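Notes to accompany the following structure.
Keep in mind that this is a model prediction, so the values were computed, not measured. In what follows, residues are counted from 1 in the order of the sequence shown. Only heavy atoms go into these numbers, but all of them, side chains included; no hydrogens, no water, no symmetry mates. Atoms within a ligand are numbered from 1 in the order they appear, just like the ligands themselves.
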Amino acid sequence: MSFSILDFFTIGIGPSSSHTVGPMRAAARFARSLDGKPVERVRCDLFGSLAATGKGHGTHHAILLGLSGAEPESVELDLIPEKLEAIRSGQKLTLPDGRDIKFVEKEDLIYHRGQTLPRHSNAMHFTARDEEDNILSEKIFYSTGGGFIVSDEDWDSSGKNSGESGWLYHFDTAAELLEHCKETGLSIADLVLANETVNCSEARVRARLDAIWLAMQECVERGCRATGVLPGGLHVKRRAGPLLASLEKDYPSNSDAFSQLDWVNLYALAVNEENAAGGRVVTAPTNGAAGIIPAVLHYANRFTTSPHKDPVHRFLLTAGAIALLYKKGASLSGADVGCQGEVGVACSMAAGGLADWLGGTVKQIECAAEIGMEHNLGLTCDPVGGLVQIPCIERNAMGAVKAINAARLALSGDGSHIVSLDKVIKTMRDTGRDMMAKYKETSRGGLAVNVVEC
Ligand code: SF4
């Protein structure tokens, strides 16, 4: 299967790409591999961050649904409570091939808190047994961030995705990407589009980009309409709806110099409140950081003009290229490198995308992406109560505003700067390695231990 830059923008469900989307995909893949085998019981063991914060992040729901064959892109949100209730009360689940097997959640879904498998913090070990308790099949999957999963046997080759070998312009670093742009005269967006259209028609690539943008807009709309408090027990009030009401009351006569900031905040809050409620969101590049790119795109669309005729497509293609650099050079996972790998990367992607939208040069785009990360270095992951709510929701609003400023700073210069994007990616990776495990999506440090849940 060929790799696409657009895989960084998958339409899935909240609240977490690494703890919900990835586990659902892994469970569904394992369940489908059992077709025709005389399976009696299936068990899933969770390790590392999945065991530590899985319950708050919906991992248990994702595993149950995935073993029943559900996929994040297509699972019907309204039917989820009913399906989970049927599995739990009947103590059985239906495998994708239609067979019912016994499934008792507290016996068959085990959390190994404090234990981590060597390769990655987000690990799942699935086993299937026959009626004599013999193991018929077992598989380990890692959820590596952004909804991506890698099986144990594919781990060593996961960095060398064969689909990329067919690309016209291969790049592992920002320096290589910039060199291609210099040699060909193409922008980053055009270069990525050329790669994408090796395996797919341009019309299909553009249709997929339109679908991503539409899903982002629908998510903002739903988030602005919803009211009440978010699930999980923290009693966090949804703020997007009231904020929209106050902005619409004053708009367009609002003379407040910072009113544009309020709109940016609104878009980010709307998306991340939807995410926290388990709604349909676009992973960009993760669910925890899903509000930044839609917020900056909505801001650009509402308040700015672009010299390009397809600015949304170009924004997403540029942002996707930046995400690939982080995936190759560091990580997109809060469990791996802290929140700098989620909100930091999304900020960097959005800064680069906005610089392109506003007509920036390739060097200015690289500079914007670098600034977007430089001032998120060291950002820890410490979700209160293991929920993707505090600090995550507001952090997206802050990340979106920072991305806009990063683009403006970059566009005020000629693109020359001292810290390159490659250097900041390496620094982010090294900082993540040095970060104590309690700051990497385990809810054992930072705000997660200093804010008392009531
Ligand atoms: S703090 Fe950041 S990395 Fe951690 S769950 Fe929230 S958004 Fe994700």
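Counting the atoms of ligand 1 from 1 in the order shown, those under 4.0 Å from a heavy atom of R395 are 1 (S). Close contacts of ligand 1 with G288, meaning ligand atoms under 4.0 Å from a residue heavy atom, involve 7 (S).
By the 6.0 Å contact criterion, CD on E394 is open, its count of non-hydrogen atoms from other residues, nucleotides or ligands being 12 or less.
Judged by the 6.0 Å distance and 45° axis criteria, R302 is positioned over the aromatic ring of W263.
At a cut-off of 2.8 Å, C339 coordinates atom 2 (Fe) of ligand 1 through an N, O or S atom. For atom 4 (Fe) of ligand 1, the set of nearby N, O or S atoms under 2.8 Å includes one belonging to C381.
Considering only non-hydrogen protein atoms, atom 6 (Fe) of ligand 1 sits nearest to C392 SG, 2.2 Å. For atom 8 (Fe) of ligand 1, the nearest protein heavy atom (residue, atom name, distance) is E342 OE1, 2.8 Å.
Checking each of R444, R113, H19 against T53 for a side-chain hydrogen bond (donor to acceptor under 3.5 Å, both in side chains) leaves exactly one that passes, namely H19.
By the 30° and 60° cut-offs, the orientation of the rings of W155 relative to Y142 is perpendicular.
Looking at T442, its side chain does come within 3.5 Å of a backbone N or O of A437 through a donor-acceptor pair.
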